[in-house]
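Have a look at the structure below before the remarks.
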Amino acid sequence: MEQTLDLYAMERSVPNVEYDPDQFPGLIFRLESPKVTSLIFKSGKMVVTGAKSTEELIKAVKRIIKSLRRYGIRIGGKPKIQIQNIVASANMHVHVNLDKAAFLLENNMYEPEQFPGLIFRMDEPRVVLLIFSSGKMVITGAKREDEVYKAVKKIFDKLEELDCIKAVEEEEELEI
Amino acid sequence: RWRKWQIRARIQSSIDRNLAQAMNELERIGNLLGLPKSVKDEGALIYRKAVEKGLVRGRSIESVVAAAIYASCRRMKIARTLDEIAQYTKANRKEVARCYRLLLRELNVDVPVSDPKDYVTRIGSLLGLSGASMKLAAEILEKAKNVGLTAGKDPAGLAAAAIYIAALLNEERRTQKEIAQVAGVTEVTVRNRYKELIQELKIEIQNQ
DNA sequence: ACATTACTTTAGAAAGC
DNA sequence: GCTTTAAAAAGTAATGT
């Protein structure tokens, strides 16, 4: 929001919020439906996490503002929303040979003593994928939904081309 | 130009001072870990590269030294966990791991994926097991790898379970507790890996 | 020997130390 | 760098019954 906010006043009048400026400069506001969590700053900027889709995110932002107004917080104008990060999970339904993939892929890190997934930094689209031997993975760092689908298709094709995949079933995907 | 020379000399002397202190640390930690000279030398080489690239700025010398030692062990296939190395520093495992990742990303150090078999030798000798058992454990791990059972799992836990099985089959049984302790994993992990290995590889274990 | 809870990794923004 | 928030993946760890 393009305006400054009095977080102390919000902490007094809005129920179920957490605000401890010594610990963190943002006020924590949790919305039950859609289930998201928001960090609200005195600059009027806020971070909203946990939304499962863009539609859900927009709905959540509207409800957060409506809720704040209901408790007497004066907020004017429309919020400008930017998607900063999309986190998604996908399942390729195959078994992945991570040792081989670690050897053949370029920007990767695979340290099974620290974390079971292979971390792959893709240049285009610019995302990071956590790939597991089960064929499931996590895609993060995307700003648009189509980047997620593009990245999943790309890594699947690449792993297949490098012969790092052992068939178990089919192909599929999801979004958070 | 004088100024240029002065700046160069100043930078060089700061690198020298840093290196001198780091080499002492490296020697100290390396000896506590019982590492051979070749591993310490390799660690020194990696550390020198890091200083020259300015990667030590804002970080403790000690944690970067520890990370360099870990990278060296991995390159030389000397089985040492991050925890074992970090215990001799004031930094925790997380900080040393962070430095290690930095070294991997910023320097051209090639580190192979750690092989559970490297842990077999260390765990086996610490437990005083026979060469035959260690060889058998290595064979079990090779089979496990070939059927895709090892991906994503902690090499130390896999090695511990393979040792447990091998020792049982060779009638020089060690308890899961003993093995877990020297391997640096919990009994639960040894048990989980053990169950999976005997089931998937169809290994017959006689009772008791 | 089980279960439950919690931590490891990844990205990104916010304001301030 | 750190602090806080959320979510997924699979492995390991700590604690409880």
Side-chain angles (χ1 to χ4, degrees), chain A residues 1 4-5 7 17-31 34-53 56-57 60 81-92 96 98 107-122 125-143 147-148 151 173-176, chain B residues 57-60 63 81-83 92-95 97-99 101-102 150-158 160 176 180 183-193 195-196:
Chain A
M1 301 299 311
T4 58
L5 299 169
L7 300 184
V17 300
E18 294 170 38
Y19 183 46
D20 181 0
D22 293 330
Q23 190 182 128
F24 189 70
L27 176 144
I28 303 168
F29 180 101
R30 287 169 217 274
L31 190 72
K35 190 172 180 263
V36 297
T37 298
S38 176
L39 306 177
I40 303 173
F41 299 86
K42 63 176 183 285
S43 64
K45 293 186 177 178
M46 57 186 200
V47 173
V48 179
T49 58
K52 296 285 186 197
S53 67
E56 205 177 282
L57 170 67
I81 301 174
Q82 274 185 302
I83 292 175
Q84 301 294 164
N85 187 18
I86 295 176
V87 182
S89 60
N91 190 349
M92 300 185 284
V96 185
L98 296 179
N107 301 315
N108 79 86
M109 191 156 78
Y110 174 48
E111 300 279 329
E113 42 274 276
Q114 283 186 287
F115 188 72
L118 182 149
I119 301 163
F120 179 70
R121 289 161 201 281
M122 192 177 274
R126 197 161 188 81
V127 299
V128 172
L129 299 101
L130 310 182
I131 305 164
F132 299 86
S133 63
S134 63
K136 290 186 179 178
M137 56 192 187
V138 172
I139 306 91
T140 185
K143 296 249 191 256
E147 293 174 335
V148 173
E173 49 203 271
L174 282 162
E175 201 208 331
I176 294 180
Chain B
R57 278 177 199 169
R59 261 167 273 268
S60 77
S63 50
T81 64
L82 266 180
D83 277 312
N92 54 346
R93 191 199 83 264
K94 198 169 177 175
E95 175 59 20
R98 201 192 317 275
C99 293
R101 265 173 265 147
L102 185 81
T150 60
K153 272 112 180 186
D154 183 355
L158 286 166
Q176 294 183 352
V185 296
T186 63
E187 287 177 70
V188 179
T189 296
V190 178
R191 201 173 304 127
N192 288 341
R193 292 304 126 242
K195 281 188 199 164
E196 192 177 41

Subject >> Under 3.5 Å donor-acceptor pair, T49(A) side-chain atoms to dA6(D) base atoms >> reply: no
Original post:
With R59(B), which residues qualify under salt bridge (charged side-chain N to carboxylate O under 4.0 Å, His left out), at least two apart?
Top reply: none
What pairs of nitrogen or oxygen atoms, one from the protein and one from nucleotides 11-14 of chain D, lie under 3.5 Å apart?
unit_1, atom_1, unit_2, atom_2, d
dT12(D), OP1, D154(B), N, 3.0
dT12(D), OP2, R193(B), NE, 3.0
dT12(D), OP2, R193(B), NH2, 2.7
dA13(D), OP2, T186(B), N, 3.2
dA13(D), OP2, T186(B), OG1, 3.0
dA13(D), OP2, T189(B), OG1, 2.5

Original post:
Is the shortest side-chain N/O distance from R98(B) to OP1 or OP2 of dC2(D) below 4.0 Å?
Top reply: yes
**OP:** With heavy atoms under 4.0 Å as the rule, sort S134(A) into base, sugar-phosphate or nothing.
**Re:** sugar-phosphate
Original post:
Checking all strands, does R101(B) fall into the base, sugar-phosphate, or nothing category for heavy-atom contacts under 4.0 angstrom?
Top reply: sugar-phosphate
**OP:** Identify the nucleotide, in any strand shown, that forms a Watson-Crick or G-U wobble pair with dC7(C), with both distances under 3.5 Å; if there is none, say none.
**Re:** dG11(D)
**OP:** With C1' as the reference atom in both, quote the distance from dA3(C) to dA7(D) in angstrom, rounded to an integer.
**Re:** 24 Å
Original post:
Looking at K42(A), does any N or O in its side chain come under 4.0 Å of the phosphate oxygens OP1/OP2 on dA15(C)?
Top reply: no
Original post:
What pairs of residues pass the salt bridge (Lys or Arg N to Asp or Glu O under 4.0 Å) test when at least one of them lies in residues 22-31 of chain A, not counting sequence neighbours?
Top reply: E18(A)-R30(A)
Original post:
Which part of the nucleic acid, if any, lies within reach of V128(A) when heavy atoms closer than 4.0 Å are counted: base, sugar-phosphate only, or nothing?
Top reply: sugar-phosphate
Subject >> SB check E56(A) K35(A) (cutoff 4.0 Å) >> reply: no
Original post:
Under 4.0 angstrom, heavy atoms only, what part of the nucleic acid is R59(B) near: base, sugar-phosphate, or nothing?
Top reply: nothing
Original post:
Is dT3(D) paired to anything, Watson-Crick or G-U wobble with both distances less than 3.5 Å, and if yes, which nucleotide?
Top reply: dA15(C)
**OP:** Give one of base, sugar-phosphate or nothing for L130(A), where a contact means two heavy atoms less than 4.0 Å apart.
**Re:** base
